[in-house]
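None of the values given here were measured: they were computed from a predicted structure. In what follows, chains carry the letters A, B, and so on, assigned in the order in which the sequence lines appear, proteins first and then strands, with residues in each chain numbered from 1.
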There are 2 protein chains.
Amino acid sequence: MSQQRHGSTPGGADGVPAFPDLPEATIARLPEYLRALHHLAETGAETVSSEGLAAAAGVNSAKLRKDLSHLGSYGTRGVGYDVALLIDQIEYILGLDKNRAVCLVGVGNLGHALAGYAGFASRGFRVVALFDADPKKVGEEINGLAVRHIDDLERVAVEESIAIGVIATPPGTAQAVADALVAAGVTSILNFAPGVLSVPSNVDVRKVDLAIELQILSFHEHRKASLTALPGGRAPAVANGDQEAVGS
Amino acid sequence: MSQQRHGSTPGGADGVPAFPDLPEATIARLPEYLRALHHLAETGAETVSSEGLAAAAGVNSAKLRKDLSHLGSYGTRGVGYDVALLIDQIEYILGLDKNRAVCLVGVGNLGHALAGYAGFASRGFRVVALFDADPKKVGEEINGLAVRHIDDLERVAVEESIAIGVIATPPGTAQAVADALVAAGVTSILNFAPGVLSVPSNVDVRKVDLAIELQILSFHEHRKASLTALPGGRAPAVANGDQEAVGS
DNA sequence: CGCGATTTGTGCACGCCTTCACAAGCGCCT
DNA sequence: AGGCGCTTGTGAAGGCGTGCACAAATCGCG
């Protein structure tokens, strides 16, 4: 470990201690560990071994140990990891103790569903504002939250100190919405609209394109079909399962 | 290119030629290239340079050239790539010329939206069946398609030769649904339910967890906050944009 | 009190992916 | 016909991430 310890605010009452810079790949896995840990906590487990947690999260145990070691890990050799403690650690690292405010732009087909998605609230996020450009949708109430006009975005975003915005508009308007979000001080964007967004370098963008996911699966279907075409017979479905996942 | 040419069915009427085994990372980017190419085709462009296409797809031009070179690329030095030809190539590789049949299980909040998502149909996929376990939802019609009971899954999947299934159920039932899909001969699954699915090794699974995406963004928010807390002042929003993206 | 069983934390090697830099190829202009 | 500028395709280097295998540490038991 080249990173010398800064001490995670040992006894101090200081707010933000030194921040470990985790590998991107590790960060992407932490939420999965967290979900598995919550599940374990509900079943009453006090501690987990790396082996057990790795299985629950669908990864290699060595990878899990290395990931956890990056955040100064609280594990006990011969015993395992304290579930409650690890949950707190990961939630702190991910910044989930802040109960972050999120706004959603575009209350169409997909946006409507996202506005009502229970999985957000249960995992540390509050959807505090909905926006749409269509006057017919403004005023509509979804899940107890009124849809506002997009012109109010900047004012509301500042008032509610929203740092994360979700774009669920048609592709054509996504860039304009992104610009508006950035102007409103939003520094993280989750984009469901196909296409590339251009934003300042201090803004983080993550993209989710549902069609792309299907296209990747389609490729593997194509590949599998062209393989079983040539060699022996079709394997008869391999009975039971080691699990497998394609990409990340 | 270590793979010697098998000839991509030069004049032959043969169905499936040898399949180039592309790196996973490349496969994941092909759909984005494809989308950018379609956009270019609509604007009437005949050819694109790697630089131009790379910009439209949000990647490095060298990476794009290497990606395209893997599939035996049809580019002309000094000119660029033929847009129409490249579209055909990528669609063939991704197996999109088959207009693949997809079924969707779980017509709840999210599933309802996915059933009506226009982006699927426009990019080579037909949603041909909807399933749900709730008798109250069976019979309901969404976008001209009736919801069937999940017990009919196996029969319908075989009839319609469905190879790709989408899971949009609550987490608790996702594994059971996955098992049913596998039993019905589905070999690719797109899973929106949180949690790890266990499937035979010949089945590909891709997971989309919306909360995880937000949690990753939350981490970067946390990081940015703890960085601007210590060093100089806050950068005043960087005016205009080089673009940036966090992960993939 | 010491020993063995167990599990974490990590040094190391390997492989994949990205990026640079440049030679090879193509078209156009003179 | 010849040369010049532009663009592709790719060899090589560097970085990142993964997985193995083992030393270090802790607990429980005799």
Side-chain angles (χ1 to χ4, degrees), chain A residues 1-5 8 20-30 32-33 37 40 45-83 85-86 89-90 216 242 244-248, chain B residues 1-5 20-30 32-33 37 40 45-83 85-86 89-90 216 244-248:
Chain A
M1 180 138 310
S2 55
Q3 199 92 2
Q4 77 279 25
R5 76 203 56 196
S8 57
D21 54 340
L22 314 174
E24 253 326 288
T26 295
I27 297 162
R29 283 187 294 265
L30 287 182
E32 193 64 49
Y33 301 157
L37 284 166
L40 284 167
E46 295 273 334
T47 61
V48 222
S49 68
S50 66
E51 199 81 30
L53 182 53
V59 301
N60 183 299
S61 72
K63 196 189 302 192
L64 179 126
R65 286 199 298 277
K66 185 151 292 187
D67 282 342
L68 294 187
S69 77
H70 284 140
L71 38 96
S73 183
Y74 293 74
T76 309
R77 294 169 192 235
V79 178
Y81 298 92
D82 182 297
V83 173
L85 184 58
L86 201 49
Q89 272 295 309
I90 295 180
I216 295 173
D242 352 334
E244 114 137 356
V246 168
S248 162
Chain B
M1 181 153 312
S2 57
Q3 199 92 0
Q4 79 279 25
R5 76 203 56 197
D21 55 340
L22 314 174
E24 263 311 302
T26 295
I27 298 161
R29 283 188 293 266
L30 288 181
E32 192 65 48
Y33 301 156
L37 283 165
L40 283 167
E46 296 273 335
T47 61
V48 223
S49 68
S50 65
E51 199 81 31
L53 183 53
V59 300
N60 184 300
S61 72
K63 195 188 304 193
L64 179 125
R65 285 199 298 277
K66 184 147 289 189
D67 282 343
L68 294 187
S69 77
H70 284 140
L71 38 96
S73 182
Y74 294 75
T76 311
R77 295 170 191 239
V79 178
Y81 298 92
D82 182 297
V83 172
L85 185 58
L86 200 49
Q89 272 296 308
I90 295 179
I216 295 173
E244 112 139 359
V246 167
S248 165

Return the minimal non-hydrogen interatomic distance between [X] and [Y], and the atom names on each side.
{"X": "Ser50(B)", "Y": "Arg65(B)", "answer": "OG-NH1, 3.0 Å"}
{"X": "Thr47(A)", "Y": "Val79(A)", "answer": "CG2-CG1, 4.3 Å"}
{"X": "Ile90(A)", "Y": "Tyr33(A)", "answer": "CD1-CB, 4.1 Å"}

In whole Å, what is the span from the [atom1] atom of [X] to the [atom2] atom of [N]?
{"X": "Asp67(B)", "N": "dC17(C)", "atom1": "CG", "atom2": "C1'", "answer": "10 Å"}
{"X": "Tyr74(A)", "N": "dT26(D)", "atom1": "OH", "atom2": "P", "answer": "15 Å"}
{"X": "Leu22(B)", "N": "dC16(C)", "atom1": "CG", "atom2": "P", "answer": "14 Å"}
{"X": "Arg29(B)", "N": "dT18(C)", "atom1": "CZ", "atom2": "C1'", "answer": "8 Å"}
{"X": "Asp82(A)", "N": "dC27(D)", "atom1": "CG", "atom2": "P", "answer": "13 Å"}
{"X": "Leu68(B)", "N": "dT10(D)", "atom1": "CG", "atom2": "P", "answer": "12 Å"}
{"X": "Leu64(A)", "N": "dT7(C)", "atom1": "CG", "atom2": "P", "answer": "14 Å"}
{"X": "His70(B)", "N": "dT10(D)", "atom1": "NE2", "atom2": "C1'", "answer": "10 Å"}

Original post:
Ala54(A): what forms a side-chain contact (heavy atoms from CB on, under 4.5 Å) with it, not counting sequence neighbours?
Top reply: Val59(A), Ser61(A), Leu64(A)
Closest to the [X] side chain, choosing from [options]:
{"X": "Ala25(B)", "options": "dG17(D), dT18(C), dA21(D)", "result": "dT18(C)"}
{"X": "Lys66(B)", "options": "dA21(C), dT10(C), dT19(C)", "result": "dT19(C)"}
{"X": "Arg65(B)", "options": "dT8(D), dC20(D), dC20(C)", "result": "dT8(D)"}

Subject >> Euclidean distance, Leu86(B) CG relative to Leu71(B) CG, rounded to 0.5 Å >> reply: 7.5 Å
Original post:
In Å, rounded to the nearest 0.5 Å, how long is the span from NZ of Lys66(A) to CZ of Arg29(A)?
Top reply: 11.0 Å
Subject >> Contacts of Thr26(A) that satisfy side chain to side chain donor-acceptor pair (under 3.5 Å) - sequence neighbours left out >> reply: Asp67(A)
Subject >> Short side-chain N/O contact from Asn60(B) to OP1 or OP2 of dC17(C), under 4.0 Å >> reply: no
At a cut-off of 3.5 Å, list every protein nitrogen or oxygen paired with a nitrogen or oxygen from nucleotides 5-7 of chain D, distance to 0.1 Å.
residue, atom, partner, partner atom, Å
dT7(D), O4', Gly78(B), N, 3.0
dT7(D), O2, Gly78(B), N, 3.4

